[in-house]
Amino acid sequence: MDLILWRHAEAEDEAEGQDDLQRLLTPRGEKQAARIAAWLDRHLPEGTRVLCSPARRCEQTAQALGRKFKVRPELAPGGDAAAVLQAAQWPHGRQAVLVVGHQPMLGEAIAQLLGLPAPGCPVRKGAVWWLRSRERDGHEHAVVFAVQSPESV
């Protein structure tokens, strides 16, 4: 199974009294999302499921890909690695899954899957980590397939 974790692109700073879920991408964030979306569009397997946090900045990031996506409330800010992995049905899902979400939950999921120490792996805004499950000697484990940042594509 392939699990692709995409952190939302650069967003506006939170204004006093503003609902965090309503923060929008900055113009720079829109460009970041478009760059990674173009790379993903060339590489994603056919039939990849796209799951997205209900935060507006994540929805905007996912929309740059131009594919249908499903908003999942458990992927909202404040969630954890377990929510990401459960939503993706890791490692037994039948198809590739792209999750558009937040730090620190994405970094925690990466760290957990790769056996890295807490608190997790830093994930840059707009970056994507592509992990693949492998079975070796009867045990499932994850390997890094690709890591891309908006500046590198």
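These values consider heavy atoms only, across backbone and side chains, with no hydrogens, waters or symmetry-generated copies. Keep in mind it's a predicted model, so treat the numbers as computed, not measured.
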- Trp6 vs Val99 side-chain heavy atoms within contact, under 4.5 Å: no

- Task: Start with the C-alpha distance between Arg7 and Arg124, add both sets of side-chain angles, then the distance that settles side chain to side chain contact (heavy atoms under 4.5 Å, CB included), and finish with yes or no.
- Result: CA-CA 7 Å; Arg7 183 177 180 191; Arg124 294 179 59 143; 5.6 Å; no

- Query: Do Asp137 side-chain atoms and His139 backbone N/O form a donor-acceptor pair below 3.5 Å?
  - Reply: no

- Message: Is there a path of hydrophobic side-chain contacts, each under 4.5 Å between heavy atoms, that joins Val71 and Val97?
- Response: no

- Message: Quick test of your reading of the model: are Asp13 and Arg23 salt-bridged, counting only N-O distances below 4.0 Å?
- Response: no

- Task: Please work out which of the three classes, parallel, tilted or perpendicular, describes the rings of Phe145 and Trp130, given edges at 30° and 60°.
- Result: tilted

- Query: Will you find, in the side chains of Thr26 and Glu10, an N or O donor that is under 3.5 Å from an N or O acceptor?
  - Reply: yes

- Arg134 side chain reached by Glu140 side chain, heavy atoms, under 4.5 Å: no

- Message: Please find the pair of heavy atoms, one from Glu135 and one from Gly138, that lie closest to each other, and give the distance.
- Response: OE2-CA, 3.7 Å

- Message: I'd like to know if Val147 and Leu40 are part of one continuous hydrophobic network [Ile/Leu/Val/Met/Phe/Trp/Tyr, side-chain heavy atoms within less than 4.5 Å].
- Response: no

- Message: Could you report the tightest heavy-atom contact between Arg67 and Pro45, atom names first, then the distance?
- Response: NH1-O, 4.1 Å

- Query: Which pair of non-hydrogen atoms, one from Glu14 and one from Gln18, has the smallest distance, and what is that distance?
  - Reply: OE2-O, 3.4 Å

- So Leu5 and Ile110, side chain to side chain contact (heavy atoms under 4.5 Å, CB included) or not? Walk me through it. CA-CA 8 Å; Leu5 302 174; Ile110 293 165; 3.6 Å; yes

- Message: Count I, L, V, M, F, W, Y as connected when their side-chain heavy atoms are under 4.5 Å apart, and connections chain through other members. Are Leu65 and Val123 then in the same cluster?
- Response: no

- Query: Looking at Val100 and Ala62, what are the two nearest heavy atoms and their distance?
  - Reply: CG2-CB, 4.0 Å

- Note on the structure: Tightest non-hydrogen contact, residues Ala127 and Pro150, listed as N-CD, 4.0 Å

- Validation row: Asp2, Ser133 side chains within 4.5 angstrom (heavy atoms): no

- Message: In the structure I gave you, are the side-chain heavy atoms of Thr61 and Ile36 within less than 4.5 Å of one another anywhere?
- Response: no

- Query: How close do Ala83 and Glu74 get, heavy atom to heavy atom, and via which atoms?
  - Reply: CB-O, 3.6 Å

- Message: Is it the case that atom CZ in Arg42 sees more than 12 heavy atoms from other parts of the structure closer than 6.0 Å?
- Response: yes

- Message: Tell me whether Leu24 shares a hydrophobic cluster with Leu75, the cluster being built from Ile, Leu, Val, Met, Phe, Trp, Tyr side chains joined at under 4.5 Å.
- Response: no

- Query: Is a salt bridge present between Arg57 and Glu12, judged by a nitrogen-to-oxygen distance below 4.0 Å?
  - Reply: no

- Query: Is there a donor-acceptor pair closer than 3.5 Å between any side-chain N or O of Glu108 and the backbone N or O of Asp80?
  - Reply: no

- Item | Stepwise side chain to side chain contact (heavy atoms under 4.5 Å, CB included) test for Leu85 and Leu113 | CA-CA 9 Å; Leu85 300 177; Leu113 293 175; 3.7 Å; yes

- With a 4.5 Å limit on heavy-atom distance, are the side chains of Met1 and Arg132 in contact? no

- Message: Under 3.5 Å, is there a donor on one side chain and an acceptor on the other for His8 and Ser53?
- Response: no

- I would like to know whether Cys121 and Trp129 meet side chain to side chain contact (heavy atoms under 4.5 Å, CB included); could you show each step before the answer? CA-CA 11 Å; Cys121 181; Trp129 282 65; 3.4 Å; yes

- Message: Can you confirm whether His102 sits close enough to Cys58 that some side-chain heavy atom of one is under 4.5 Å from a side-chain heavy atom of the other?
- Response: yes

- Message: Please say yes or no: joined through hydrophobic side-chain contacts below 4.5 Å, possibly via intermediate residues, are Leu51 and Val128 part of one cluster?
- Response: no

- Item | Gap between atom CG of Leu131 and atom CG of Leu114 - 0.5 Å precision | 5.5 Å

- Are Glu151 and Gln32 close enough that some pair of their side-chain heavy atoms sits under 4.5 Å apart? yes

- Does Glu59 use its side chain to pair, donor to acceptor, with the backbone of Gln63 at less than 3.5 Å? no

